[in-house]
Amino acid sequence: MEQTTKKIKRLDFPFTKEKLKGLEAGDSVLISGTIYTARDAAHKRLTELLDQEEKLPFDLKGAIIYYVGPTPEKPGHAIGAAGPTTSYRMDDYAPRFLDLGQSAMIGKGQRSKEVMEAAVRNGAVYFAAIGGAGALIARSIVKSQVIAFDDLGAEAVRELEVIDFPVTVVIDSKGNNLYEMGPAAYLEQKDGNKR
């Protein structure tokens, strides 16, 4: 069996759609720059601000939103454990955010058809972070500051500065979905080994 190795790609701020075009489902990527955190409670409030035509606490255009509710930081650390939240909780909100210019999402798990269509329509990308590796992921976060909804605690919106934040492209800007491609490739390989 032929083994192929993919090179790890880098994505540096600003996170333009042009840069995202070069990423493919299955790519390992190291992100450096500013990203934002928001889970479902924060997404609901951000949506309410949009409905009221009020300014958001950060510019959605070109933004990467990480679905995370970190634990409290220990002394000398920027943040506590910061593992990804299951992404489908944000599926009702994500298409609107993508249509307003959000460039990428980071979480874990499958996304709805509507989110996939919005990602393709807007040249956006969905990344997966490794579930259960929150302490390891936190090492890539060098700065964390609450910028909105402090009353939500762990679910407050934070601005993070990250260096070499490790993710995998699950849905690329063309709509290729690693969660569909992986099982298909496995079955193809398994069938090929039977012959």
What residues form a salt bridge (charged side-chain N to carboxylate O under 4.0 Å, His left out) with [X], not counting sequence neighbours?
X      : result
Lys21  : Glu18
Lys17  : none
Arg121 : Asp99
Asp151 : Arg45

- Query: Under the 4.5 Å side-chain heavy-atom rule for ILVMFWY, direct or indirect, which residues accompany Phe15?
  - Reply: Leu11, Phe13, Leu20, Leu23, Val29, Ile31, Ile35, Ile64, Tyr66, Val68, Ile79, Ile106, Val125, Phe127, Ile137, Ile141, Leu160, Val162, Phe165, Val167, Val169
- Item | Connected hydrophobic set around Val142, excluding itself, where side chains approach under 4.5 Å | Ile163
- Message: My understanding is that only residues two or more places apart in sequence, or in another chain, count here; which of them pass ring-ring contact (aromatic ring centres under 6.0 Å, His included) with Phe149?
- Response: none
- Message: Please enumerate all residues that pass side-chain contact (heavy atoms from CB on, under 4.5 Å) together with Pro57, with sequence neighbours excluded.
- Response: Leu46, Leu49, Ile147, Ala148
- Message: Can you list everything that forms a side-chain contact (heavy atoms from CB on, under 4.5 Å) with Ala154? Sequence neighbours excluded, please.
- Response: none
Does anything in [range] pair up under salt bridge (charged side-chain N to carboxylate O under 4.0 Å, His left out), and if so which pairs, sequence neighbours excluded?
range            : value
residues 159-169 : Arg10-Asp164
residues 50-61   : Asp51-Arg96
residues 66-91   : Asp91-Arg111

